[in-house]
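So the structure is just underneath, and the comments pick up after that.
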Protein chains: 2
Amino acid sequence: MPAGDTPSKRSYHHGDLRAALLDAAIEVIGERGLHGLSLRECARRADVSHAAPYRHFADKNALLLAIARRGFERLAAAGVAAMDGVGDPRDRLDAYGVAYVRFAVDNPVLFRVMFTAELDAAEGVEAGHVVDKGGEEGDEAGAFELLVESAAALIDDGDDPREAALAAWSLPHGLAMLVLDGRIPPAEAATPAQVERLMRTIFAAWRGPLS
Amino acid sequence: MPAGDTPSKRSYHHGDLRAALLDAAIEVIGERGLHGLSLRECARRADVSHAAPYRHFADKNALLLAIARRGFERLAAAGVAAMDGVGDPRDRLDAYGVAYVRFAVDNPVLFRVMFTAELDAAEGVEAGHVVDKGGEEGDEAGAFELLVESAAALIDDGDDPREAALAAWSLPHGLAMLVLDGRIPPAEAATPAQVERLMRTIFAAWRGPLS
DNA sequence: GAAAAATGTTGACGGTGACAACATCCGCTG
DNA sequence: CAGCGGATGTTGTCACCGTCAACATTTTTC
């Protein structure tokens, strides 16, 4: 029973290892990339033995899934917040798109894990938002539903608003991916402000569709 | 010399191990996903010892990069072919987008490796096409240049055609990603024909921008 | 206060990427 | 045709990783 422990050390138990592991994982991915992530390294950074993570995550994949879940929650919140108070449906789609790309640029690791991991095929994530199977509330409607509603106001009756929403989703998603992959010349997307301007230009050019 | 060799065993040397490894790798990724790829498994499938791949690829990353290179070549070819003979600039953009998504759906492994791998940061790939440093011909202009040209004919003088081309690139790219990730409800994108119809609907809705 | 559940540790196993040293084969020069 | 050198494939090895089982410690519950 080690007595004189440093301010942080909680002797045997960690306190909130689960959260610490998630943070460590995000940090590691940011430094070494997704394939450079290892549970052991996360354990090391959390000052814990190499097998400790298995008390909180069944699997390496489970850890990534938890990260993705966190990301989807934040993305949905950002989308909802961006559309909040915006009345015109087209402006709502614009606002959503801008928030979407902004989120991706501000949280590259989360966004990558959300959409790059192969945990996709594995259940737990669906249609852009996390599925809470047997979850507590399940009140997370997903920002996609709001997209559909906004798109519905823009198209002819009889057309499928979900397809319009997909169009409204695909553009920011593609742009975000290209920016994150560095596929857009740095000259075009060096600073965040530049990215936002580019985004707005593109969305403006794209305005007028969906009808 | 070649001689009448039995279909398989070529005594000591393989014949064309490099290509065999690429094929094996694509196969493995298709079966087990990107993170399930291992050089040793590729070597096994090529009937070769576990270190043989290192005579052809400096690195696991080098293998992936070679796959990405192959993909970009084919994608560019498909894009060029799709636009060939199409006169109207807007129709050219449409044709490119359709070919783009079609390529992604038809070659999910290639597309994934092209845009998901972290080899992006490492040089060798740039702005959607492979950079042939000191390569032989380097005549690969990249389909992106054709996009820029087509977009240039659609926008006001003074606007940057590259930004318009980015808009024209982002939409199919995002759609392709979402389809590949299974993020689009299967009901919307179950069969290839369905995907193509969806694509055309989206592009039609999107028509009229860029001016 | 003891049993039970939760959490953390140690040790082990097979698989993997990467390298070094060695073996074999091919093509070329003389 | 001899043989030599480079290309290609092999064996052996090392550290690291994911995962599990067995064990230790702490907290919670009755």
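Residue numbering restarts at 1 for every chain, and letters A, B, ... go by the order of the sequence lines.
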Report summary line: Rounded to whole Å, CG of B:D16 lies from P of D:dA7 at a distance of 17 Å
Query raised in the report: Roughly how many Å is it from CZ in A:R55 to P in D:dC20, rounded to a whole number?
Result: 11 Å
Report task. Would you indicate, yes or no, if C:dG15 has its OP1 or OP2 atom less than 4.0 angstrom from a side-chain nitrogen or oxygen of B:R32? Result -> no
Report task. Taking side chain to side chain donor-acceptor pair (under 3.5 Å) as the test, write out the residues that go with B:Y100, two or more places apart. Result -> B:W169, B:H173
Report task. Please list, chain by chain and in numerical order, all residues satisfying ring-ring contact (aromatic ring centres under 6.0 Å, His included) with A:F103, sequence neighbours excluded. Result -> none
Report task. Describe the nucleic acid contact of A:L63 in one word from base, sugar-phosphate, nothing, applying a heavy-atom distance below 4.0 Å. Result -> nothing
Report task. With heavy atoms under 4.0 Å as the rule, sort A:S38 into base, sugar-phosphate or nothing. Result -> sugar-phosphate
Would you mind writing out the side-chain donor-acceptor pairs for residues 50-59 of chain A within the sub-3.5 Å range, not counting sequence neighbours?
residue, atom, partner, partner atom, Å
A:D59, OD1, A:N61, N, 3.4

Query - Spacing of B:F57 atom CZ relative to D:dG9 atom C1', expressed in whole Å - result: 15 Å
Query - Stepwise ring pair (Phe, Tyr, Trp, His ring centres under 6.0 Å) check, A:F115 with A:F72 - result: CA-CA 10 Å; A:F115 291 106; A:F72 279 116; 5.5 Å; yes
Query raised in the report: Of the nucleotides D:dG18, C:dT7, D:dG9, which one has an atom closest to the side chain of A:H56?
Result: C:dT7
Report task. Using whole Å, report how far CZ of B:R18 lies from P of D:dG9. Result -> 12 Å
Query - Distance in angstrom units between A:L17 CG and D:dT25 C1', rounded - result: 15 Å
Quick test: give all pairs of protein nitrogen or oxygen and nucleotides 12-15 of chain D nitrogen or oxygen below 3.5 Å, distance rounded to 0.1 Å.
residue, atom, partner, partner atom, Å
D:dG12, O6, B:H50, NE2, 2.8

**Report entry** Minimum-distance nucleotide to A:A52 side chain [options: C:dT9, C:dC22, D:dT19]
**Finding:** C:dT9
Report task. Round to a whole Å and report the spacing from NE2 of B:H35 to P of C:dT16. Result -> 12 Å
Query - Nearest-angstrom distance from the residue atom CG of B:L39 to P of C:dG15 - result: 16 Å
Report summary line: side chain to side chain donor-acceptor pair (under 3.5 Å) filter on A:S150, not counting sequence neighbours, yields A:R92
Report task. Write out all pairs satisfying salt bridge (charged side-chain N to carboxylate O under 4.0 Å, His left out) with one or both partners inside residues 22-33 of chain B, taking only residues at least two apart or from two chains. Result -> B:D23-B:R70, B:E27-B:R45, B:E31-B:R45, B:R32-B:E41
Report task. Work out which heavy atom in B:I29 is nearest to a heavy atom in B:I67; give both atom names and the distance. Result -> CD1-CD1, 4.4 Å
Requested in this report: Send over the distance from B:E41 CD to C:dT16 P, rounded to a whole Å.
Outcome: 7 Å
Query raised in the report: To the side chain of B:D59, which of C:dA18, D:dT11, C:dT9 is closest?
Result: C:dA18
